[in-house]
Protein chains: 2
Amino acid sequence: MARIRLIDVAELAGVSMKTVSNVVHSYPHVAPALREKVQAAIDQLGYRPNLTARRLATGKTGMIALAIPEIDHPYFSELSRHMAEEATRRGYRVIIEQTLSDPDLERAVLIDREAGLVDGVIFHPVRMETLDIAKLDAGTSLVLLGEAAIPVMTDHVMIDNVSAALDATRHLVASGCRRIAFLGVIAADITGSTNQRLLGYQQGLLEAGVRLDPELVFTALEFTAEAGLRSVTEAIERGVRFDGVVCRDDRFAIGALKALHDSGRSVPGDVAVVGWDNTFLGAYTSPTLTSVAPKKTELVAAAFDLLEERIAGYRGVGRHLIVGHSLAVRESAPHTP
Amino acid sequence: MARIRLIDVAELAGVSMKTVSNVVHSYPHVAPALREKVQAAIDQLGYRPNLTARRLATGKTGMIALAIPEIDHPYFSELSRHMAEEATRRGYRVIIEQTLSDPDLERAVLIDREAGLVDGVIFHPVRMETLDIAKLDAGTSLVLLGEAAIPVMTDHVMIDNVSAALDATRHLVASGCRRIAFLGVIAADITGSTNQRLLGYQQGLLEAGVRLDPELVFTALEFTAEAGLRSVTEAIERGVRFDGVVCRDDRFAIGALKALHDSGRSVPGDVAVVGWDNTFLGAYTSPTLTSVAPKKTELVAAAFDLLEERIAGYRGVGRHLIVGHSLAVRESAPHTP
DNA sequence: CAGCCAATGTACAGCGCTAGAAAGATATTT
DNA sequence: AAATATCTTTCTAGCGCTGTACATTGGCTG
């Protein structure tokens, strides 16, 4: 079953390849009669242009790569969905690369990108350091997401983590919490995200005239609900008292909800809980989860805008965009009446 | 910043293109000294082969498409992750196509596949009908997932839904449930999945000598936790009594948990709940969710095996594989003591 | 009716890489 | 030393499509 080529259609229709190509591309200056004849040949043979060949000829692949740590992390799977939809809207296809937070895989993404496979890359680094990225960002189209690394020359989109954490903390303060914990600092995590969120949290306490009690900064071992559960359970067992928790991540928040539930605390009665990322998980818990909500569609649109400008030839310094956020208020930390 | 080409390397090293190509491909018969010289030139220029060109020349793209209804559905995002990992293991890249259960998008997947973009497609159809798929499966490499459509000529992997539903029902019967409900039949859903699961459910009741009460078959309007919640809430309000629920989907199960919780029922005390797909959602709920667990890694491996045989040239009739399943037993329907 | 322009169509040289044939170099055998 | 075998390397024809340069046609103008 040999594939039908442009030339096969051309022969059947008795015209040149270019004319067939013109029909395929809806080039205006083709005589209606000819166009019809060619179209008939196309239909008859079931011709589909070979995209690989087209790519080689045009130099454009029409494809962008989205490199994220884990496909099945709710935040990233939602992000992927938005990316896929935005890409379709803009005429691109998305190829998803899972880096698993492995520095080598992350590096591979940046190197492969140059292999002419994709026109650009949207990359959410976790482990690669600023300088490392700067070194590999060899002038091709790249947009970074998140706060892990921010090379000056590279475009970058994020939310204002400090102010978001501040909002979350203020929300808890407003509903009467005074002993507010922060979950979770990760031993192995040297990314800026946690630090910034912690900073906003401190600022919120300061504003409320509450002193930060180091005992209330909970540490987790890894980014899982399980680790969050363990961390909160241990705090409870240590006798730490708290009436609110700002969680660095929805999964931590879910672990926290479970820990509180298992230890007989009511949420939000005894402890109010705020998560982060506003993933769909939060809608499924009991109680439902209040969560910091990055404006994902804005973020996706901004990332694409920057990327397309790069693809179009922009070679200037990196643009660093902040997109909005809000607080999705649900049962675990409701509005004050 | 013009891209470095094979010929640039060849010129710098003072050899022919083919020799450079041989080095790149680790072809054995290259004199060590020459190999070193070429490698030095490659490193110096930072040469990366252009994959698009390679593809055009070899006819292999090294890429497969995974077409699923929604990237951010937990089942599919977990599946995607496994697919991505298996693909990497086998030397492929995955391009994910989101069909959104739209018949036109589903059809587009099958048509685009022929555009020389990918070597094969793994496709989980939802809306396309058997005949429609059969018509478009024009001899290229395709493997289907799920139960929606099963054209004879096309390869296909699924779990035994009847027997899995039977297992779930038996589990509830064994723990003493007698009035077992089934959630949810979807008005608009004509896929085989629901019917098969319903069949296994009936069979389980029959075995236990329990008559099927039509009142216990709960209908939902769409595939969301929200719809599940509503369906169960309405049943409770109608005064329907039941002590167990087999859910067609983890999201329904989560809706059910919430409905039961909100109405003051305890799970599993008053009502035991079994979900389906064993997504990570089930580990995060309170109580945690017992769920039918398709062996995803087996499924992924089987799909790839079939696909690779197709890619390698197999042109016979469709193989229809059943992969295993188990029941992930957690708190919502625990083991009987 | 020559002279021109615009509208249509054709020819063909790449895009960067691969792979098989052919040539050149070196080693082995008789 | 000639003949043969074995390595190494070069040559070159595509892969299927696009875009530029050029050829052709027909309609109009003056």
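The aromatic rings of Y92(B) and F304(B) lie tilted to each other, with the angle between the two planes from 30° to 60°.
Of the possible polar contacts, one joining the H156(B) side chain to the G146(B) backbone as a donor-acceptor pair under 3.5 Å is found. Proximity of a side-chain donor or acceptor of T61(A) to a complementary backbone N or O of L117(A) within less than 3.5 Å is detected. A donor-acceptor distance shorter than 3.5 angstrom exists from the side chain of E106(B) to the backbone of V126(B), with no hydrogens or angles considered.
Protein atom CZ of R55(A) is 15 Å distant from nucleotide atom C1' of dG16(C), rounded to whole Å. One can place CE of M17(B) at 10 Å from C1' of dT12(D), the figure rounded to the nearest angstrom. Atom CD1 in I7(A) sits about 10 Å away from atom P in dC17(D), given to the nearest Å. Distance, K37(B) NZ to dT9(D) P: 9 Å, rounded to whole Å. Counting to the nearest Å, the P atom of dC17(C) and the CZ atom of R48(B) are 12 Å from each other. Atom pair L56(A):CG and dG14(C):C1' shows a separation of 9 Å (rounding to whole Å applied). In this entry the distance linking CZ of R3(A) with C1' of dG14(D) reads 17 Å, nearest Å. One can place CZ of R5(A) at 12 Å from C1' of dC17(D), the figure rounded to the nearest angstrom.
Side-chain N/O atoms of S21(B) include none lying less than 4.0 angstrom from OP1 or OP2 on dA19(C). Considering only side-chain N and O atoms, S16(A) lies nowhere under 4.0 angstrom from the phosphate OP1 or OP2 of dG9(C).
T58(A) comes within contact range of the sugar-phosphate backbone alone, with a heavy-atom separation under 4.0 Å but no base atom that close.
Ranking dT18(D), dG16(D), dC17(C) by closeness to the R54(A) side chain, first place goes to dT18(D). Of the listed nucleotides (dA19(C), dC17(D), dC17(C)), dC17(D) has the atom at the smallest distance from the side chain of N50(A).
Remark: R319(B) qualifies as a cation-pi partner of Y314(B) under the 6.0 Å distance and 45° angle criteria applied to the six-membered ring.
For the pair I4(A)/R48(A), no side-chain contact is recorded, criterion being any heavy-atom separation below 4.5 Å from C-beta on.
A donor-acceptor pair shorter than 3.5 Å can be found between the side chains of E85(B) and Q98(A).
Side-chain atoms of K18(A) stay outside donor-acceptor range of the base of dA11(C), with no qualifying N/O pair under 3.5 Å.
Contacts between residues 25-34 of chain B and DNA chain C, defined by a heavy-atom separation under 4.0 Å, are made by H25(B).
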